[in-house]
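Here the structure is laid out as structure tokens; the discussion comes afterwards.
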Amino acid sequence: MIAKNGFTLLEILVVLSILSVLILLSTPFNANMLEAKRENEFFKLLKSDMLYAQSLASATDSDVLVSMSFDAENNRYSIIRDRTVQKRSFPDDWILDQDYIFYFNQKGTVLNPYTLNLKTSNARYQIVFPFGKGRGYIEEK
């Protein structure tokens with residue numbers, strides 16, 4: 001008589017299917033968490049671009065103004081000094097309330113302070129360029 005040691009193919013498939021279902025249920029995919037991470041990374045990049053525009057204005061001649069232009073229709077913003085230096089887009093499902101151009105003088109001061117409103121799928125934000133030497137910032141409403 002031959003001794004059978006091992007598992008049949010059917011037993012292995014049943015065990016693997018049970019394990020795959022348990023793994024799938026143990027780590028649910030959270031789309032909100034992914035969207036929050038995308039927002040966080042975008043705002044981190046926007047803050048560094050705001051600082052870059054101010055420092056670029058400080059490093060230029062007095063005749064040249066550096067601007068940061070927000071285009072609501074095309075969902076993008078750009079940094080301009082004589083020509084476009086940097087152009088970035090934000091997601092199509094985000095809504096910026098209006099177009100606006102911020103100008104920086106040679107000292108890095110915002111010449112026309114303003115607050116823009118940005119609506120994402122998770123929250124509303126304000127992009128604030130304060131009057132004076134202060135750096136622009138983003139706050140959640």
Side-chain angles (χ1 to χ4, degrees), residues 2-141:
I2 301 174
K4 292 184 179 180
N5 293 333
F7 299 104
T8 65
L9 180 61
L10 185 60
E11 292 172 333
I12 292 174
L13 290 176
V14 167
V15 169
L16 287 177
S17 63
I18 291 172
L19 282 176
S20 64
V21 167
L22 288 175
I23 289 172
L24 184 67
L25 293 176
S26 67
T27 57
F29 179 71
N30 192 349
N32 288 339
M33 195 164 68
L34 183 64
E35 180 67 24
K37 183 69 173 169
R38 184 171 77 160
E39 286 177 11
N40 188 21
E41 290 301 314
F42 173 78
F43 289 132
K44 192 183 303 183
L45 182 64
L46 178 60
K47 286 178 187 178
S48 69
D49 283 344
M50 292 160 82
L51 180 61
Y52 174 65
Q54 280 186 310
S55 62
L56 189 64
S58 299
T60 59
D61 298 331
S62 60
D63 299 342
V64 179
L65 285 178
V66 174
S67 63
M68 193 163 185
S69 170
F70 287 85
D71 185 1
E73 185 176 326
N74 297 316
N75 281 2
R76 68 176 178 218
Y77 68 91
S78 11
I79 299 171
I80 302 166
R81 185 187 99 186
D82 292 337
R83 59 180 174 70
T84 301
V85 176
Q86 187 69 263
K87 190 180 290 187
R88 302 209 194 266
S89 298
F90 46 91
D92 291 331
D93 57 336
W94 292 9
I95 301 169
L96 187 65
D97 63 346
Q98 68 181 42
D99 297 344
Y100 200 76
I101 300 176
F102 296 96
Y103 293 100
F104 300 94
N105 67 7
Q106 188 180 6
K107 296 178 182 178
T109 304
V110 177
L111 296 177
N112 54 340
Y114 194 73
T115 300
L116 290 172
N117 295 307
L118 178 66
K119 181 184 175 196
T120 66
S121 57
N122 289 340
R124 293 177 181 264
Y125 295 92
Q126 287 185 327
I127 303 169
V128 180
F129 282 88
F131 182 74
K133 190 83 169 163
R135 193 165 122 193
Y137 59 93
I138 299 159
E139 62 183 19
E140 188 173 353
K141 278 182 158 181

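Nothing here was measured: the structure is a model prediction, and the numbers come from that model.
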Quick check: Phe104 with Phe102 (ring centres under 6.0 Å apart)? no
For the rings on Tyr114 and Phe129, is their centre-to-centre separation under 6.0 Å? no
When rounded to the nearest 0.5 angstrom, what is the spacing between [atom1] in [X] and [atom2] in [Y]?
X      : Y      : atom1 : atom2 : answer
Met33  : Asn122 : CE    : CG    : 12.0 Å
Met50  : Phe43  : CE    : CZ    : 10.5 Å
Asp97  : Arg124 : CG    : CZ    : 10.0 Å
Phe7   : Leu13  : CZ    : CG    : 13.0 Å
Trp94  : Ser121 : CH2   : OG    : 8.0 Å
Asn112 : Phe131 : CG    : CZ    : 10.5 Å

Specify the closest pair of heavy atoms between [X] and [Y], including all atoms of both residues, with the distance to one decimal.
X      : Y      : result
Ile80  : Ser69  : CD1-CB, 4.1 Å
Pro113 : Pro130 : CB-C, 3.7 Å
Asn117 : Lys141 : OD1-NZ, 3.5 Å
Ile101 : Ser67  : CG2-CB, 3.6 Å

Just wondering, are more than 12 heavy atoms of other shown residues or ligands nearer than 6.0 Å to CD in Glu73? no
Determine whether more than 12 heavy atoms belonging to other residues, nucleotides or ligands lie under 6.0 Å from atom CG of Asp93. yes
Any side-chain heavy-atom pair of [X] and [Y] under 4.5 Å:
X     : Y     : value
Ser89 : Asn75 : no
Ile23 : Ser20 : no
Leu46 : Phe90 : no
Val85 : Val66 : no

Ser55 side chain to Leu51 main-chain N or O, any donor-acceptor pair under 3.5 Å? yes
I'd like to know if the side chain of Gln126 reaches the main chain of Glu139, judged simply by a donor and an acceptor atom lying under 3.5 Å from each other, with no hydrogens or angles considered. no
With Thr120, which of Glu39, Glu35, Arg38 fulfils side chain to side chain donor-acceptor pair (under 3.5 Å)? Glu39
Please test Ile138 against Leu118 for side-chain contact (heavy atoms from CB on, under 4.5 Å), starting from the C-alpha separation and ending with a verdict. CA-CA 10 Å; Ile138 299 159; Leu118 178 66; over 6 Å; no
The complete set of salt bridge (charged side-chain N to carboxylate O under 4.0 Å, His left out) pairs with one or both residues in residues 40-49, sequence neighbours excluded, reads Lys37-Glu41, Glu41-Lys44, Asp49-Arg88
Using the side chain to side chain donor-acceptor pair (under 3.5 Å) criterion, which residues pair with Asp71? Sequence neighbours excluded. Asn74
